[in-house]
Amino acid sequence: MNDAHQVLIVGGGTGGLTVASQLLSRDDAPEVAVLEPSDTHYYQPLWTLIGGGVFDKEESARPMADVMPRGATWIQDAAADIDPEDGTVTTQNGDTYGYDYLVMAAGIQIDWDGIPGLAESVGQPGTGVVSNYSYDTCETTWEAIQSFPQGGTALFTEPTMGVKCGGAPQKIMYLSDEAFRRQGVREGSQIAFMKAKENLFSSPPYEDTLYDVVERKDIDLHLMTELRALEPSKKQATFRNLESGEEMTIDYDLIHVVPPMQAPDFIAESPIADEEGWVDVDPKTLQHARYDNIFALGDNSNLPTSKTGAAIRKQAPVLVDHLTATMNATPPINGTYNGYTSCPLVTGYGKLVLAEFDYDKEPEESFPFDQTEERYSMYALKAYGLPRMYWNGMLKGRM
């Protein structure tokens with residue numbers, strides 16, 4: 001076995017680096033190691049605006065070495081197996097590391113092969129198939145928008161399961177509508193949202209606003225409608241109505257696909273997973289339901305809230321508090337996590353609804369005005385303020 005670590009964090013994404021920074025900034029900082037294979041760290045919330053032509057994709061990337069918290073041991077490898085009884089994590093390279101305390105922040109696994117025809121066509125010229133859910137493909141969304149034909153059909157999808165940033169599937173749709181209007185190709189064209197869930201958005205006050213946006217933009221809304229397969233050579237997509245079971249095939253010129261997502265395999269196959277494969281934690285304390293020395297936050301956890309970076313901003317201090325309280329056998333002082341999450345819903349260029357809500361889907365807003373309204377100020381916060389806060393504050397443990 002390789003070295004044992006006091007705190008081993010699996011994952012160097014938003015959750016892992018934020019927790020590492022907050023732990024290492026404490027006066028009683030523990031020894032911390034971060035297990036992360038990637039050379040590059042991405043600010044993924046920017047990919048919607050990259051797909052909409054606002055930024056170049058390089059704006060969302062930084063070298064991992066530049067954002068790894070000072071004082072953390074970086075193990076550049078990926079987890080492959082967890083043994084909570086022995087207190088070890090084995091990596092893809094075959095190394096095994098011990099831990100006193102484990103923090104799971106491994107993110108979510110995107111299944112590009114989950115829809116027949118998707119993996120080989122997404123982002124490829126001439127297919128019309130695009131997705132903002134990858135650094136390598138987000139700019140191709142903008143290329144497809146720019147070449148959209150007069151009288152064309154643009155489809156936007158969302159699968160049944162939870163995905164990273166639940167509002168992202170429709171944000172790019174609203175930007176596309178406005179881009180088509182600017183290009184003079186919207187009239188006579190069709191935009192349709194094929195969403196496999198039963199609601200347009202999970203929090204009713206913000207959903208009401210989005211229904212108004214859909215109506216204003218003349219978007220065809222199909223709820224409980226799931227993408228089943230693509231035939232890129234024919235530019236055809238097959239959908240199934242989840243209520244009736246009926247299938248239909250639609251011709252498209254552009255289709256923005258949100259791929260299926262699931263818990264990482266090595267977690268789903270481990271003893272720390274719940275029945276659906278996610279790390280099984282207490283929704284208030286983020287401590288594992290069965291192993292007191294394991295904690296989790298972010299996308300790989302089974303917390304019943306939207307999977308967003310803003311949620312992690314609230315989860316991290318609670319996790320750090322309960323982790324250090326467990327380590328020191330002292331009472332926690334920062335309270336519990338109430339399910340807060342935030343989704344900056346871009347409804348056009350210069351327009352945004354800042355949705356903030358808790359486990360009960362009730363608004364928990366940060367500003368003294370009605371956040372269900374579309375505002376430029378909130379768009380500016382999304383495009384220019386939040387990235388700076390992320391790189392210079394959150395990842396450094398200051399928020």
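In what follows, residues are counted from 1 in the order of the sequence shown. The analysis underlying the following values was restricted to heavy atoms, covering all of them including side chains, and did not include hydrogens, waters or symmetry mates.
Between Trp391 and His41, the ring planes lie perpendicular to each other; the angle is over 60°, past the 30° to 60° tilted range. Aromatic ring pairs are classed by plane angle as parallel below 30°, tilted from 30° to 60° and perpendicular above 60°; the pair Phe367 and Phe369 is parallel. Taking the six-membered ring where the residue is Trp, Phe357 and Phe201 present perpendicular rings, their angle passing 60° and hence far from 30°.
For Thr249 and Thr238, the side-chain atoms include at least one donor-acceptor pair closer than 3.5 Å. In the model, Tyr390 has a side-chain atom that pairs as donor or acceptor with a side-chain atom of Thr14 under 3.5 Å. Donor-acceptor pairing under 3.5 Å is recorded for the side chains of Thr341 and Thr308. A donor and an acceptor atom, one from each side chain of Glu276 and Asn302, are nowhere located under 3.5 Å apart. Side-chain polar atoms of Gln109 and Asn300 form no donor-acceptor pair below 3.5 angstrom. A side-chain donor-acceptor contact under 3.5 Å links Thr141 and Asn132. A donor-acceptor pair shorter than 3.5 Å can be found between the side chains of Glu356 and Ser366. For Tyr174 and Gln170, the side-chain atoms include at least one donor-acceptor pair closer than 3.5 Å. Glu36 and Ser38 are linked by a side-chain donor-acceptor pair at a separation below 3.5 angstrom, with hydrogens and angles left out of the test. Between the side chains of Glu364 and Asn338, at least one donor N or O sits under 3.5 Å from an acceptor N or O.
Among residues at least two apart or in separate chains, salt bridge (charged side-chain N to carboxylate O under 4.0 Å, His left out) pairs with a member in residues 366-380 are Arg216-Glu374, Glu373-Arg375. Residue pairs meeting the salt bridge (charged side-chain N to carboxylate O under 4.0 Å, His left out) criterion with at least one member in residues 72-93: none, sequence neighbours excluded.
A 4.5 Å side-chain heavy-atom check between Ile219 and Met173 finds at least one atom pair inside the cut-off. Looking at heavy atoms from C-beta onward, Val7 lies in side-chain contact with Val103 at the 4.5 angstrom threshold. Looking at Ser306 and Cys165, their side chains never come closer than 4.5 Å, going by heavy atoms from C-beta outward. Taking the side chain as every heavy atom from C-beta outward, His288 and Asp292 never approach each other to under 4.5 Å. At least one side-chain heavy atom of Leu8 sits under 4.5 Å from a side-chain heavy atom of Ile75. In this structure, Leu46 and Phe55 have side chains that are in contact, with non-hydrogen atoms separated by less than 4.5 Å.
In the hydrophobic cluster analysis, where Ile, Leu, Val, Met, Phe, Trp and Tyr join through side-chain heavy atoms closer than 4.5 angstrom, Tyr384 is grouped together with Leu49.
Residue Ile255 is found in a hydrophobic cluster whose other members, listed by chain and number, are Ile108, Ile110, Trp112, Ile115, Leu118, Val122, Val129, Tyr133, Leu155, Val163, Met194, Leu227, Leu230, Phe239, Met248, Ile250, Tyr252, Val257, Val258, Met261, Trp278; membership requires side-chain heavy atoms under 4.5 Å apart, directly or through intermediates.
Taking 4.0 Å as the cut-off between side-chain N and carboxylate O, Arg290 and Asp280 count as a salt-bridged pair. Ion pair Asp251/Lys235 not flagged as a salt bridge, since none of the NZ, NE, NH1 or NH2 atoms sits closer than 4.0 Å to an Asp/Glu carboxylate oxygen. Between Arg186 and Glu178 there is no salt bridge, since no side-chain N of the basic residue sits under 4.0 Å from a carboxylate O of the acidic one. Salt bridge status for Asp28 with Arg26: present, with a side-chain N to carboxylate O gap under 4.0 Å. Ion pairing of Glu158 with Lys197 is present here, as a side-chain N (NZ or NE/NH1/NH2) and a carboxylate O approach within less than 4.0 Å. The pair Arg240-Glu226 fails the salt-bridge criterion, with no side-chain N (NZ, NE, NH1 or NH2) lying under 4.0 Å from an Asp/Glu carboxylate O.
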Given side-chain contact (heavy atoms from CB on, under 4.5 Å), test His322 with Leu286 step by step and report yes or no.
CA-CA 8 Å; His322 284 267; Leu286 284 70; over 6 Å; no
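Aromatic pair Tyr359/Tyr340: ring centres not closer than 6.0 Å. With ring centers used as reference points, Phe156 lies 6.0 Å or more from Phe193.
Around atom CZ of Arg182, more than 12 heavy atoms belonging to other residues, nucleotides or ligands sit under 6.0 Å away. Counting non-hydrogen atoms of other residues, nucleotides and ligands closer than 6.0 Å to NZ of Lys351 gives a total above 12. The environment of CD in Glu187 is sparse: at most 12 heavy-atom neighbours from other residues, nucleotides or ligands sit within 6.0 Å. Within a 6.0 Å sphere centred on CD of Gln146, heavy atoms belonging to other residues, nucleotides or ligands number more than 12.
Taking both residues in full, the closest heavy atoms of Pro205 and Pro363 are given as CG-CG, 3.8 Å, listed atom of the first, atom of the second, then distance.
By the 6.0 Å and 45° rule, Lys57 stacks over the aromatic ring of Tyr135.
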